[in-house]
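Computation of the quantities below employed the complete heavy-atom set of this structure, encompassing side-chain atoms and omitting hydrogens, waters and symmetry-equivalent molecules.
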Amino acid sequence: YYLASVQGSYNPAFKGLQLITPAKYTATEEGVLRGADLNQYSNIGGQDLTWDGKNATGKGYIDTYLGALYLQIRLTEDLMNLMVQTPKLPYTDGGIANVGAVIDNRLAQCTADGYLDETRPYQISLPLASQLTDRANRVLPNVSFIAYTTGAINIIEIQGFIDAI
């Protein structure tokens with residue numbers, strides 16, 4: 001389901017699953033699963049739900065990981081299409097700018113979709129043609145970007161004070 005969804009439009013944590021019977025875990029078993037960053041599908045507060053959506057490394061979440069895969073695949077397709085549809089992509093500042101424009105278009109789409117954080121704009125870094133010394137191999141080095149995902153809220157910490165006076 002999530003592979004077919006718009007990246008950035010969902011959080012797989014705390015969702016019901018169709019045609020899946022939830023497992024019954026003891027509190028100890030749940031602690032072991034969560035401590036190992038393994039997702040579970042169990043009854044939480046009277047509802048059958050997935051747990052927190054972490055990926056198996058424990059260093060991220062399923063939706064962020066799938067979004068990164070989506071971005072990598074679509075960006076590869078976009079850049080390949082540029083090279084296929086362009087008679088010649090020149091090794092000039094103009095040609096390099098075309099590469100940057102393709103990257104910018106895909107990152108802008110991922111921002112509009114909600115995967116990338118619009119409040120922390122992405123940055124694209126492109127080299128100048130005059131700074132590149134190895135044109136013979138026809139490799140464009142030093143193209144990079146940094147972007148930030150929007151993420152999702154999975155835990156809410158509340159502090160409150162009730163005054164009975």
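- For residues 21-37, every residue pair satisfying the salt bridge (charged side-chain N to carboxylate O under 4.0 Å, His left out) rule, not counting sequence neighbours, is listed here: Glu30-Arg34, Asp37-Lys54.
- Of all non-hydrogen atoms in Val143 and Pro127, the two that sit nearest each other are CG2-CD, 4.0 Å.
- Checking side-chain atoms of Gln7 against main-chain N and O of Ser5 turns up a donor-acceptor pair under 3.5 Å.
- To the nearest 0.5 Å, atoms CG (Asn81) and OG1 (Thr76) are separated by 11.0 Å.
- Judged by distance alone, the side chain of Tyr122 and the main-chain N or O of Asp104 form a donor-acceptor pair under 3.5 Å.
- Taking each heavy atom of Leu71 and Cys110 in turn, the nearest pair found is CD1-SG, 3.7 Å.
- Residues Asp134 and Val139 have side chains not in contact (no heavy-atom distance under 4.5 Å, counting atoms from C-beta outward).
- Minimum heavy-atom separation, Ser42 to Pro22: CA-CB, 3.8 Å.
- Under the ring pair (Phe, Tyr, Trp, His ring centres under 6.0 Å) criterion, Tyr41 pairs with no residue at all, not counting sequence neighbours.
- Between Ile73 and Glu77, the closest side-chain pair of non-hydrogen atoms falls below 4.5 Å.
- Rounding to the nearest 0.5 angstrom, the gap separating the OG1 atom in Thr28 from the CG atom in Leu33 is 11.0 Å.
- Every residue two or more places apart in sequence or in another chain that forms a side chain to side chain donor-acceptor pair (under 3.5 Å) with Asn154 is listed here: Asn11.
- Separation of atoms CD1 (Ile103) and CG (Leu75) is listed at 5.5 Å; rounding is to 0.5 Å.
- Between the side chain of Ser125 and the backbone N or O of Ser144 there is no donor-acceptor pair closer than 3.5 Å.
- The shortest side-chain heavy-atom distance between Thr86 and Asn98 does not fall under the 4.5 Å cut-off.
- Between Asn39 and Gly53, the closest heavy-atom pair is OD1-N, 2.9 Å.
- Note on Phe14 and Tyr10: separate hydrophobic clusters, where clusters join Ile, Leu, Val, Met, Phe, Trp and Tyr whose side-chain heavy atoms are under 4.5 Å apart, directly or indirectly.
- Looking only at side-chain heavy atoms (C-beta outward), Tyr148 and Ile146 come within less than 4.5 Å of each other.
- In this structure a side-chain-to-backbone donor-acceptor pair under 3.5 Å is missing from Asp113 to Tyr115.
- In the hydrophobic clustering of ILVMFWY residues, with side-chain heavy atoms under 4.5 Å counting as a link, Ile124 and Ile96 come out together.
- For the atom pair Trp51 CH2 and Leu38 CG, the distance stands at 13.5 Å (nearest 0.5 Å).
- Here the CG atom belonging to Asp93 is positioned 9.0 Å from the CD atom belonging to Gln131, to the nearest 0.5 angstrom.
- Within a 6.0 Å sphere centred on OH of Tyr65, other residues, nucleotides and ligands contribute 12 heavy atoms or fewer.
- Taken together through direct or relayed side-chain contacts under 4.5 Å among Ile, Leu, Val, Met, Phe, Trp and Tyr, Tyr70 and Val102 form parts of separate hydrophobic clusters.
- One hydrophobic cluster holds both Leu132 and Met83 under the rule that ILVMFWY side chains link at heavy-atom gaps under 4.5 Å.
- Checking side-chain atoms of Arg106 against main-chain N and O of Asp78 turns up no donor-acceptor pair under 3.5 Å.
- Between Thr149 and Asp117 the shortest heavy-atom distance is O-CB, 3.9 Å.
- Between Pro12 and Thr50 the shortest side-chain heavy-atom distance does not fall below 4.5 Å.
- Under a cut-off of 6.0 angstrom, the local environment of CD1 in Ile153 is sparse, with at most 12 non-hydrogen atoms contributed by other residues, nucleotides or ligands.
- Hydrophobic clustering places Leu79 together with Leu126 (ILVMFWY residues linked when any side-chain heavy atoms are closer than 4.5 Å, directly or through intermediates).
- Residues Leu17 and Asp48 have side chains not in contact (no heavy-atom distance under 4.5 Å, counting atoms from C-beta outward).
- Taking CZ from Arg74 and CG from Leu69, the interatomic distance works out to 10.5 Å, rounded to the nearest 0.5 Å.
- Crowding of Arg138 atom CZ: a count of heavy atoms from other residues, nucleotides or ligands under 6.0 Å not exceeding 12.
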